[in-house]
Trainee: 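Got a structure here, written out as structure tokens. Questions coming.
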Amino acid sequence: MNVTQLLEQRFADAMTELAVDPGAFAGLIKPTKDDKHGDYQANLAMPLAKQLGRKPRDVAEELVRRLQADDFLEPPEIAGPGFINLRLRGDWLAQQMQSLFHDERLGVAAVPKPQRFVIDFSSPNVAKPMHVGHLRSTIIGDALQRLLRFLGHAVITDNHLGDWGTQFGMLIHGWKQHLDDKALQSDPVQEMVRLYLLVREKIKQAGAASEDDEEEAANPVAEACRLETAKLHEGDAENVRLWQQMMPWCQAELDRIYQRLDIHFDYTLGESHYNPELPGVVQELIAKGIAVESQGAWVIFLGENEPPALIRKKDGAFTYMTTDLATIRHRVKVFNADTILYVVDSRQALHFQQLFTIARRWGLEQTRLEHIVFGSVLGTDGRPIKTREGGAIELEALLDEAVQRARKIVEENSPELPAEEQRLVAEAVGIGAVKYADLSQNRTSDYVFSWDKMLAMNGNTGAYMQYAVARVRSIFRKGGIAVEDWRNGNYPVTLAHPQERQLALALIRLPEALNLAAQDFRPNAMTSYLWDLAKPYSSFFDQCPVLKAESESLKNSRLVLCDLTSRILQQGLALLGIHAPERM
RNA sequence: GCCCCCGUAGCUCAGGGGAUAGAGCAUCGGUUUCCUAAACCGAGGGUCGCAGGUUCGAAUCCUGCCGGGGGUACCA
């Protein structure tokens with residue numbers, strides 16, 4: 001049950017004889033910011049009055065007269081210039097709690113018209129350790145995937161790996177020059193990581209050696225790697241064989257981290273997958289007159305002030321624009337995507353703007369293409385986050401530190417938990433903290449990474465949500481309640497205490513929050529809701545005894561609110577890819 | 001040069017036509033014989049970068065300016 005939608009419906013009915021187009025007033029009914037204005041407010045009398053040439057307060061009065069909603073609303077009040085303040089009936093709200101209690105989907109209806117989404121996220125370069133730069137794409141993309149699926153959409157996740165670029169030249173070079181056979185036998189995945197890091201170091205040294213030269217001298221190691229990459233792309237038998245041999249190991253290295261983050265992809269079609277299609281794509285774009293030759297390269301001109309997009313370089317190599325075009329075609333023709341979401345750094349905005357324009361010219365205009373932008377991760381100094389040595393922070397090291405810090409907190413606060421459970425809780429809290437901190441931020445802004453803020457037990461953090469869940473579950477444990485059996489019962493709910501009512505109002509808003517989050521692909525709408533739920537729960541927990549309630553019926557009534565709180569918090573967190581343990 | 005994003009409390013950030021602009025941290029004060037105090041309650045703190053404009057109503061939309069960041073033909 002989505003209360004906003006219900007209200008919109010009733011107001012639309014009330015407006016049929018008044019407004020030319022009642023649909024034009026959608027979005028003017030919303031939860032109030034201040035509860036002295038009621039629970040919801042309808043702000044449509046002002047614009048409607050303007051349209052009708054009447055006084056706003058008169059229109060408000062007429063709307064209220066025509067409105068048929070006393071089955072769930074108190075009599076509406078008109079305030080100020082023509083605000084209509086709406087208050088839900090207590091008995092109706094209590095009744096809703098009972099329905100929610102027996103609803104596995106916690107009030108969320110599946111969308112009437114499911115769409116087919118393809119979500120492109122994470123997309124790291126293989127053969128190269130993942131670093132913080134991949135964090136946001138991976139976490140935000142996964143959250144969107146979960147949110148859209150829960151709403152009933154068909155979702156395909158596709159990890160568009162960078163598996164065909166220069167980093168593979170580096171690996172091949174490393175393999176040929178520095179391979180440790182023994183290490184390869186015992187742990188090939190680790191050997192791949194070692195080779196990559198080794199070659200990267202060699203390139204750095206070679207570069208440093210030539211730094212004094214006046215001219216920027218060619219870096220011999222880097223040059224050797226480029227050569228190996230070129231040979232791979234030309235189809236050199238040995239390099240292709242090495243690529244095929246090494247790919248699974250590189251994939252395994254990525255999978256380890258994805259598993260730890262609880263992230264899964266339906267498809268992993270990297271750049272290499274589209275390699276055979278690239279010449280055809282360019283041919284077609286030339287044939288259609290979209291691409292032209294310029295300065296020895298094949299390019300597409302887009303606008304007066306825009307640089308052209310390159311689809312084939314003068315040395316004959318294709319660009320990632322070409323690959324991305326082939327990828328769109330695949331997603332449109334094979335996956336039948338209605339919408340493709342690219343969860344990618346805002347710095348690539350121009351690339352996607354060009355890509356989408358070209359795709360439309362190419363004839364793929366029936367598919368909605370969206371660049372889901374996000375800002376950079378910054379250090380506390382406001383600069384892009386780096387290690388002390390100036391390198392990129394590796395994702396795994398970051399996760400390790402988060403878990404380690406969480407472990408310390410768990411040991412301090414819950415010494416009674418067995419060591420193994422402490423470990424599991426620390427993992428959930430640490431990883432959850434990293435995810436939640438990222439998701440709770442408006443994705444379009446840059447985000448300042450702070451351990452203290454992330455792992456704080458107070459405020460809008462993952463740990464606070466997890467703690468709220470643990471406190472609820474603790475009540476059931478202390479009360480010796482067999483939850484599964486107990487949930488089969490039917491318990492009248494009363495909302496006499498103000499904190500009970502506040503909590504119920506939050507519990508009923510999951511559908512609104514989900515819609516908001518899915519509408520603009522903004523997971524922070526979801527975290528914001530979880531905070532708006534956990535907060536009144538904490539107050540309720542403080543002020544309303546549950547197990548020691550005055551009567552058995554009040555106890556059960558409150559248990560229903562508790563159970564709903566933990567279920568919605570757990571579900572909400574799950575939709576963000578965050579696990580909430582039963583105890584912490 | 002051109003294009004994009006940002007500027008809100010001391011700090012980190014929500015809010016992106018609707019009522020007196022919110023939260024966390026920090027600061028100050030209060031709460032524990034009682035279900036997890038990893039908690040709760042309260043107080044102070046604002047020229048929403050500046051100036052115009054549109055509107056019944058602007059932090060929100062438009063224009064200009066100032067400040068910060070990013071992108072900008074052969075890396076992805």
Side-chain angles (χ1 to χ4, degrees), chain A residues 27-28 30 32-34 36-37 41 43-44 46-47 49-50 55-56 79-83 85 123 125 162 164-167 271 294-299 303-321 323-324 345-351 353 373 375-376 378 380 382-384 409-410 412-414 416 429 440-442 444-448 450 452-453 455-461 463-464 466-468 470-479 520 524-525 527-528 531-532 535 538-549 555 558-559 562 583-584:
Chain A
L28 290 171
K30 48 187 78 175
T32 52
K33 285 181 183 161
D34 186 338
K36 75 169 176 264
H37 298 133
Q41 59 177 313
N43 301 334
L44 25 75
M46 287 83 82
K50 177 129 190 132
K55 286 184 193 158
F83 297 111
N85 293 336
S123 305
N125 290 323
W164 199 242
T166 45
Q167 79 281 9
E271 290 169 353
S294 169
Q295 298 177 25
W298 287 96
V299 308
E304 283 288 308
N305 284 326
E306 271 187 71
L310 262 86
I311 56 169
R312 184 157 200 179
K313 303 192 275 192
K314 65 181 171 205
D315 67 1
F318 301 100
T319 69
Y320 77 135
M321 182 65 76
T323 315
D324 278 355
D345 196 328
S346 63
R347 282 173 300 194
Q348 298 207 32
L350 177 60
H351 168 70
Q353 188 199 314
V373 299
S376 310
L378 308 178
T380 32
R383 307 292 311 167
I409 297 166
V410 173
E412 266 169 37
N413 291 297
S414 307
E416 73 283 0
V429 170
S440 60
Q441 181 105 8
N442 181 329
T444 57
S445 36
D446 289 346
Y447 141 61
V448 176
S450 153
D452 291 339
K453 190 181 170 189
L455 282 158
M457 295 305 154
N458 214 330
N460 190 6
T461 68
Y464 181 89
Q466 289 167 321
Y467 182 61
R471 290 209 294 177
V472 178
R473 297 332 306 173
S474 170
I475 293 177
F476 285 84
R477 261 196 314 278
K478 274 275 161 56
D520 303 316
N524 75 315
T527 59
S528 189
W531 170 241
D532 287 339
K535 188 106 178 129
S538 281
S539 302
F540 163 88
F541 181 85
D542 197 58
Q543 293 175 38
C544 302
V546 178
L547 296 175
K548 288 173 186 162
K555 173 178 148 185
R558 286 182 174 167
L559 279 172
C562 288
R583 290 202 293 185
M584 62 186 277

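These numbers come from a predicted model, not from an experiment. Numbers restart at 1 for each chain; the letters A, B, ... are given by sequence-line order, proteins then strands.
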Trainee: Just call it for V299(A): base, sugar-phosphate, or nothing, with non-hydrogen atoms closer than 4.0 Å on any strand.
Mentor: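 Base: the residue V299(A), judged by heavy atoms under 4.0 Å, touches a nucleobase.
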Trainee: Watson-Crick or G-U wobble partner for rU27(B), using a 3.5 Å limit on both distances?
Mentor: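 Paired with rU27(B), as far as the under-3.5 Å criterion goes, is rA43(B).
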Trainee: Using a 4.0 Å heavy-atom cut-off across all strands, classify S528(A) as base, sugar-phosphate, or nothing.
Mentor: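 Counting heavy atoms under 4.0 Å across all strands, no contact is made by S528(A).
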Trainee: In whole Å, what is the span from the CD atom of Q441(A) to the C1' atom of rG15(B)?
Mentor: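 Checked: the CD to C1' distance equals 13 Å.
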Trainee: rA26(B) and rU20(B): how far apart are their P atoms, nearest whole angstrom?
Mentor: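 These two P atoms come out 31 Å apart once rounded.
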Trainee: Of D446(A) and P384(A), whose closest RNA chain B nucleotide lies nearer the 5' terminus?
Mentor: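 Whichever sits nearer the 5' end wins; that is D446(A).
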Trainee: Can you check the distance between rG10(B) and rA39(B), where both ends of the measurement are the P atom (answer in whole Å)?
Mentor: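 Rounded to whole Å, the distance is 25 Å.
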Trainee: Quick check: any donor-acceptor pair below 3.5 Å linking the side-chain of D452(A) to the base of rA26(B)?
Mentor: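 Checked by distance alone, the answer is no.
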Trainee: What does rU32(B) pair with, Watson-Crick or G-U, if both distances are under 3.5 Å?
Mentor: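 None - no nucleotide pairs with rU32(B), as no candidate has both distances under 3.5 Å.
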Trainee: For L350(A) and for G162(A), locate the closest nucleotide of RNA chain B by heavy-atom distance; then report the residue assigned to the nucleotide nearer the 5' terminus.
Mentor: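 Whichever sits nearer the 5' end wins; that is L350(A).
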Trainee: Remember a base hit wins even if backbone is also touched, and classify R312(A) as base, sugar-phosphate or nothing at under 4.0 Å, heavy atoms.
Mentor: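 If one applies the 4.0 Å heavy-atom cut-off, R312(A) turns out to touch nothing in the nucleic acid.
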Trainee: How is Y464(A) classified with respect to the nucleic acid when contacts are heavy atoms under 4.0 Å: base, sugar-phosphate, or nothing?
Mentor: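 Since only primed, P, OP1 and OP2 atoms lie under 4.0 Å of Y464(A), the category is sugar-phosphate.
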Trainee: Take the protein atom NZ of K548(A) and the nucleotide atom C1' of rC35(B), then report the distance between them rounded to whole Å.
Mentor: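 The distance from NZ of K548(A) to C1' of rC35(B) comes to 7 Å, rounded to the nearest Å.
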Trainee: Quick check, does W531(A) stack with rA23(B)? I mean ring centres under 5.5 Å and planes off by under 30°.
Mentor: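 No, W531(A) does not stack on the base of rA23(B), since the centre distance and plane angle fail the 5.5 Å and 30° test.
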Trainee: Does OP1 or OP2 of rC25(B) have a side-chain N or O of N458(A) closer than 4.0 Å?
Mentor: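 For rC25(B), OP1/OP2 do have a side-chain N/O of N458(A) under 4.0 Å.
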Trainee: In whole Å, what separates the P atom of rG24(B) from that of rC62(B)?
Mentor: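 Each nucleotide's P atom is 32 Å from the other's.
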Trainee: Could one point to a donor on the side chain of K33(A) or the base of rU20(B) with an acceptor on the other under 3.5 Å away?
Mentor: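 Donor-acceptor pair under 3.5 Å: no.
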Trainee: Base, sugar-phosphate alone, or nothing: which one does N85(A) contact when heavy atoms must sit under 4.0 Å apart?
Mentor: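 Base: the residue N85(A), judged by heavy atoms under 4.0 Å, touches a nucleobase.
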Trainee: Under 4.0 Å between any heavy atoms, over every strand shown, what does K36(A) touch: base, sugar-phosphate, or nothing? Just pick one.
Mentor: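 The answer is base, as K36(A) lies within the cut-off (heavy atoms under 4.0 Å) of a base atom.
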Trainee: Can you tell me how far P in rC61(B) sits from the matching atom in rG45(B), rounded to whole Å?
Mentor: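 After rounding to an integer number of Å, I get 29 Å for this pair.
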Trainee: Atom SG in C562(A), atom CZ in F540(A): separation rounded to 0.5 Å?
Mentor: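 Rounded to the nearest 0.5 Å, the SG-CZ separation comes out at 4.5 Å.
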Trainee: What is the minimum heavy-atom distance between T32(A) and H37(A), and which atoms define it?
Mentor: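 So the minimum-distance heavy-atom pair works out to CG2-O, 3.4 Å.
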Trainee: Classify Q41(A) by what it touches in the nucleic acid, base, sugar-phosphate, or nothing, heavy-atom distance under 4.0 Å.
Mentor: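 Base contact.
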Trainee: Using a 4.0 Å heavy-atom cut-off across all strands, classify N43(A) as base, sugar-phosphate, or nothing.
Mentor: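 The residue N43(A) makes base contact.
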Trainee: Tell me whether the side-chain N/O atoms of S346(A) come closer than 4.0 Å to OP1 or OP2 in rG70(B).
Mentor: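 Looking at the OP1 and OP2 atoms of rG70(B), neither is under 4.0 Å from any side-chain N or O of S346(A).
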Trainee: Under 3.5 Å, is there an N or O donor on one side and an acceptor on the other linking the side chain of S294(A) and the base of rA73(B)?
Mentor: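 Per atom types, the contact qualifies.
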Trainee: P atom, rG16(B) versus rG49(B): distance in rounded Å?
Mentor: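 Nearest-Å result for rG16(B) against rG49(B) at atom P: 16 Å.
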Trainee: Rounded to the nearest Å, what distance is computed from the CG atom of residue N524(A) to the C1' atom of nucleotide rG24(B)?
Mentor: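 Going from CG in N524(A) over to C1' in rG24(B) covers 15 Å.
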Trainee: Using only modelled atom types and a 3.5 angstrom limit, is any donor from either the side chain of Y320(A) or the base of rA76(B) paired with an acceptor on the other?
Mentor: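 Flag set: donor-acceptor pair detected.
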Trainee: rA73(B) pairs with which nucleotide, Watson-Crick or G-U wobble, both distances below 3.5 Å?
Mentor: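 Answer to the pairing question: none, since rA73(B) forms no Watson-Crick or G-U pair.
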Trainee: When we call it a touch if two heavy atoms are under 4.0 Å apart, what does A349(A) touch: a base, just sugar-phosphate, or nothing?
Mentor: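 The residue A349(A) makes no contact with any strand.
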Trainee: Expressed as a whole number of Å, how far does the P atom of rG18(B) sit from that of rA59(B)?
Mentor: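 After rounding to an integer number of Å, I get 10 Å for this pair.
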Trainee: Tell me what P307(A) touches on the nucleic acid: a base, only sugar-phosphate, or nothing, going by heavy atoms under 4.0 Å.
Mentor: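 It contacts sugar-phosphate atoms only.
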Trainee: Hey, does A463(A) reach any base, or is it just sugar-phosphate, or nothing, if we go heavy atoms under 4.0 Å?
Mentor: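 No contact at all - A463(A) keeps every heavy atom at 4.0 Å or more from the nucleic acid.
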Trainee: Report the base-pairing partner of rG67(B) (Watson-Crick or G-U wobble, both distances below 3.5 angstrom), or none.
Mentor: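 The base-pairing partner of rG67(B), which may sit in any strand shown, is rC6(B).
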Trainee: Specify the separation, in whole Å, of atom NZ of K535(A) and atom C1' of rC41(B).
Mentor: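 That distance rounds to 10 Å.
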Trainee: Considering only heavy atoms and no angle criterion, is a donor-acceptor pair shorter than 3.5 Å present between the side chain of T32(A) and the base of rA19(B)?
Mentor: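 Check fails, no donor-acceptor contact within cut-off.
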Trainee: Mind checking if Q466(A) touches a base, just sugar-phosphate, or nothing, with heavy atoms under 4.0 Å?
Mentor: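 Answer is nothing: Q466(A) stays at 4.0 Å or more from every strand.
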Trainee: Pick the P atom in rU12(B) and in rG69(B), then give their distance to the nearest Å.
Mentor: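 Those two atoms are separated by 15 Å.
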Trainee: Within the 4.0 Å heavy-atom criterion, would you say P47(A) contacts the bases, only the backbone, or no part of the nucleic acid?
Mentor: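 Result for P47(A) = base.
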Trainee: Paired with rC48(B): which nucleotide, if any, by Watson-Crick or G-U wobble criteria at under 3.5 Å for both distances?
Mentor: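 Check on rC48(B): unpaired, no WC or wobble geometry under 3.5 Å.
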Trainee: Determine which nucleotide pairs with rA59(B), using a 3.5 Å limit on both distances of a Watson-Crick or G-U wobble pair.
Mentor: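 Matched rA59(B) with nothing under the 3.5 Å cut-off.
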Trainee: So, S450(A) versus D452(A): side-chain donor-acceptor pair below 3.5 Å or not?
Mentor: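 No, no side-chain donor-acceptor contact under 3.5 Å.
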